[in-house]
J.: 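First the structure, which I've put down as structure tokens, then a few questions once you've had a look.
For the numbers below, each heavy atom of this structure counts, side chains included, while hydrogens, waters and symmetry mates do not. All residue numbers refer to positions in the sequence shown, counting from 1.
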Amino acid sequence: MNLQNITSIKQRFGIIGNSPLLNRAIEVASQVASTDLSVLVTGESGTGKEIMPQIIHNLSPRKHGPYIAVNCGAIPEGTIDSELFGHEKGAFTGAHESRKGYFEVANTGTIFLDEVAELPLQTQARLLRVLETGEYIKVGSSKVMKTDVRIIAATNVNIPEAIRKGKFREDLYYRLNTVPIFIPSLRERKDDIQLLFRKFASDFAEKYRMPAVKLNDEAMHLLSNYSWPGNIRQLKNIAEQISVIETDREINAVQLSQYLPKETAGLPAVVGLGGSASEMSEREILYKIIFDMRSELNDLKSVVVDLMQGRNPEMNFNTESSPLVKRILNDAENGNIAVEGTISRPVVANPIVHSNMPHFAEEIEEHEEVEESLSLEEREKDLIKKALQKHRNKRKHAAEELGISERTLYRKIKEYNIK
């Protein structure tokens, strides 16, 4: 297809942009329109995937038939089968009369299944049968019905990953993905960002009857280099906000930055356990956090002991990853912690860490030398001993303290050979 035909399609469907990836998507859509092949449109949320099914339908021999767009993610799981395939009277509670489904209504036309990855597995099996044979059964019926529809699906989900997790049928994926069409994200078509903003600004100026806003060079640079996680939908919203809220019609970078959410890396990633964080179980992540906290606590104890005994703390740990330890060291250096013989400048006594607490220091040092046991049996044995000592070997009261039966306590005492 030549560039002139692509430009004609853009004008007809209101598509803005000259990105090669966008042009390729339009070219594939126009070429596949004359067939009945299934099409799967992929791309991030907000990229405008819904325009491709419209192009395919309107350029196809089915253009005079019905066109129905269904958001699969917006229909509750309990009613999705009824919505798609229809139901008979009395099929379920509330089914007071028979109802036609979308596949019956869209017969001889096109049905667009948006967010197809949100379909339940049971519905996916039904959809696969429609794709393979054109047959389906209404909910509550045993009669096989036929439909002649063109199916176009779209999703922003990584389908191969969903298949690996057991959330999407592999056979359905290959049936839907006969012809794949990829819609690029806005950050992949940077040269189109300014064109889109001008178009949106012009539309909102006409809508709200005010002069169109313009961006200066610095603002344009900021606009083009933003990541746009919400893609075209986000850009349009920001253009509307600026058009309505700002009194100045020429926008600089400082004004524009107030409307752009700060870009963050998201939640902190857990590293060092092998594999990506998304592949780790919640238990592994919790273990990693606990071990990191324990290491930091040991570093903190060492610093406190050194400070109380008049020694300079040993810098054998990473203070960048231990903000609490780093703060204590800074306090010591600035004279905010009272210690013996290490700081000559005036100090302020700290009630938490003070030089008149030698017993506490010895206890911490002793605790540092002994590796803490992680055995559940040892923990349980220690608790039983402490409970017996507390209640002077009165097993009934000790059992109540431990929250177990007296019989269980007898068995544990015998099991652990507690004298």
Side-chain angles (χ1 to χ4, degrees), residues 1-63 67 69 71 110-117 150-160 173-174 176-204 212 214-215 220-240:
M1 174 177 284
N2 58 38
L3 188 59
Q4 184 176 359
N5 290 337
I6 293 177
T7 303
S8 174
I9 293 175
K10 288 180 183 177
Q11 292 174 347
R12 178 177 175 182
F13 292 94
I15 300 173
I16 306 295
N18 299 308
S19 164
L21 291 174
L22 178 63
N23 289 343
R24 175 59 181 167
I26 295 172
E27 181 181 7
V28 173
S30 62
Q31 289 178 345
V32 78
S34 59
T35 72
D36 273 340
L37 295 174
S38 301
V39 177
L40 180 62
V41 184
T42 59
E44 295 181 9
S45 178
T47 52
K49 296 185 293 296
E50 65 280 352
I51 199 67
M52 291 301 155
Q54 296 177 26
I55 293 175
I56 294 171
H57 175 72
N58 285 280
L59 296 181
S60 74
R62 297 175 179 269
K63 62 183 178 182
Y67 173 81
N71 188 340
T110 303
I111 186 167
F112 170 44
L113 301 177
D114 197 9
E115 303 301 339
V116 70
R150 169 78 171 276
I151 297 177
I152 304 172
T155 183
N156 59 1
V157 173
N158 184 338
I159 298 278
Y173 170 63
Y174 291 121
L176 289 173
N177 200 38
T178 305
V179 178
I181 295 179
F182 171 72
I183 308 298
S185 63
L186 201 52
R187 59 182 170 276
E188 294 176 284
R189 23 182 315 214
K190 287 190 174 183
D191 293 339
D192 295 341
I193 295 177
Q194 296 183 19
L195 294 174
L196 287 164
F197 183 86
R198 292 192 187 102
K199 175 64 168 61
F200 293 147
S202 175
D203 290 345
F204 292 127
K214 296 180 180 179
L215 305 181
M220 278 293 187
H221 180 76
L222 177 61
L223 191 80
S224 299
N225 288 279
Y226 185 69
S227 65
W228 298 108
N231 292 291
I232 297 175
R233 186 181 295 120
Q234 182 185 12
L235 177 63
K236 184 176 182 179
N237 289 343
I238 287 177
E240 184 171 19

J.: side-chain contact (heavy atoms from CB on, under 4.5 Å) between Ile193 and Tyr226: does it pass, once the steps are laid out?
T.: CA-CA 10 Å; Ile193 295 177; Tyr226 185 69; over 6 Å; no
J.: Check whether any side-chain heavy atom of Arg24 sits under 4.5 Å from a side-chain heavy atom of Pro184, and report yes or no.
T.: no
J.: In sequence, state the C-alpha distance, the side-chain angles, and the governing distance for Asp36 and Arg62, and then conclude on salt bridge (Lys or Arg N to Asp or Glu O under 4.0 Å).
T.: CA-CA 9 Å; Asp36 273 340; Arg62 297 175 179 269; 3.0 Å; yes
J.: Evaluate the side-chain contact (heavy atoms from CB on, under 4.5 Å) criterion for residues Ile16 and Asp192: first the C-alpha distance (whole Å), next the side-chain angles of each, then the deciding distance (0.1 Å), finally the verdict.
T.: CA-CA 7 Å; Ile16 306 295; Asp192 295 341; over 6 Å; no
J.: Which residue, Pro229, Ser227, Ser45, forms the side-chain contact (heavy atoms from CB on, under 4.5 Å) with Gln234?
T.: Pro229
J.: Does the side-chain contact (heavy atoms from CB on, under 4.5 Å) test come out yes or no for Leu235 and Leu223, once each step is laid out?
T.: CA-CA 9 Å; Leu235 177 63; Leu223 191 80; 4.1 Å; yes
J.: Taking it one step at a time, do Leu59 and Ile9 satisfy side-chain contact (heavy atoms from CB on, under 4.5 Å)?
T.: CA-CA 10 Å; Leu59 296 181; Ile9 293 175; 4.1 Å; yes
J.: Look only at the side chain of Ser8 and the backbone of Gln4, and say whether a donor-acceptor pair between them is shorter than 3.5 Å.
T.: no
J.: Tell me, do Ile181 and Ile56 make a side-chain contact under 4.5 Å, heavy atoms counted?
T.: yes
J.: Of the non-hydrogen atoms in Phe182 and Ala25, which two are nearest, and what is the gap between them?
T.: O-CB, 3.6 Å
J.: What pair of heavy atoms forms the shortest contact from Leu3 to Asn23, and how long is it?
T.: CD1-ND2, 4.3 Å
J.: Please state whether the rings of Phe204 and Phe200 are parallel, tilted or perpendicular, taking 30° and 60° as the class boundaries.
T.: tilted
J.: How close do Ile183 and Lys49 get, heavy atom to heavy atom, and via which atoms?
T.: CG1-CG, 4.0 Å
J.: Would you check if Ile15 and Ile26 make a side-chain contact, meaning some heavy-atom pair closer than 4.5 Å?
T.: yes
J.: OG/Ser30 to CD1/Ile55 distance, rounded to the nearest 0.5 angstrom?
T.: 8.0 Å
J.: Any heavy-atom pair between the side chains of Asn156 and Glu115 that's under 4.5 Å?
T.: yes
J.: How about Leu176 and Leu113: do any of their side-chain heavy atoms sit closer than 4.5 Å?
T.: no
J.: CG/Leu37 to CD1/Ile152 distance, rounded to the nearest 0.5 angstrom?
T.: 10.5 Å
J.: What I'd like to find out is whether the side chain of Arg12 reaches to under 4.5 Å of the side chain of Asn58, using heavy atoms alone.
T.: yes
J.: So for atom NZ, which belongs to Lys10, do other residues, nucleotides or ligands contribute more than 12 heavy atoms lying within a distance under 6.0 Å?
T.: yes
J.: If you round to the nearest 0.5 Å, how far is CG of Leu222 from CG of Leu215?
T.: 9.0 Å
J.: Nearest heavy-atom pair of Leu40 and Ala154: which atoms, and what distance?
T.: CD1-N, 4.2 Å
J.: Hey, could you give me the OG1/CD1 distance between Thr178 and Ile151, rounded to the nearest 0.5 Å?
T.: 10.0 Å
J.: Nearest 0.5 Å, what's the CD1-OH distance between Ile111 and Tyr67?
T.: 10.0 Å
J.: Can you tell me how far apart CD1 (Ile232) and NZ (Lys199) are? Round to the nearest 0.5 Å.
T.: 12.0 Å
J.: Tell me the closest heavy-atom pair linking Arg150 and Val32, and the distance in Å.
T.: NH2-O, 3.0 Å
J.: Verify whether one side chain among Glu44 and Thr47 offers a donor that lies under 3.5 Å from an acceptor in the other.
T.: no
J.: Side-chain contact, heavy-atom cut-off 4.5 Å: Leu186 with Leu196?
T.: yes
J.: Decide yes or no for Trp228 and Ile238: does some side-chain heavy atom of the first lie under 4.5 Å from some side-chain heavy atom of the second?
T.: yes
J.: Which heavy-atom pair separates Ser60 from His57 by the least distance, and what is that distance?
T.: OG-O, 2.8 Å
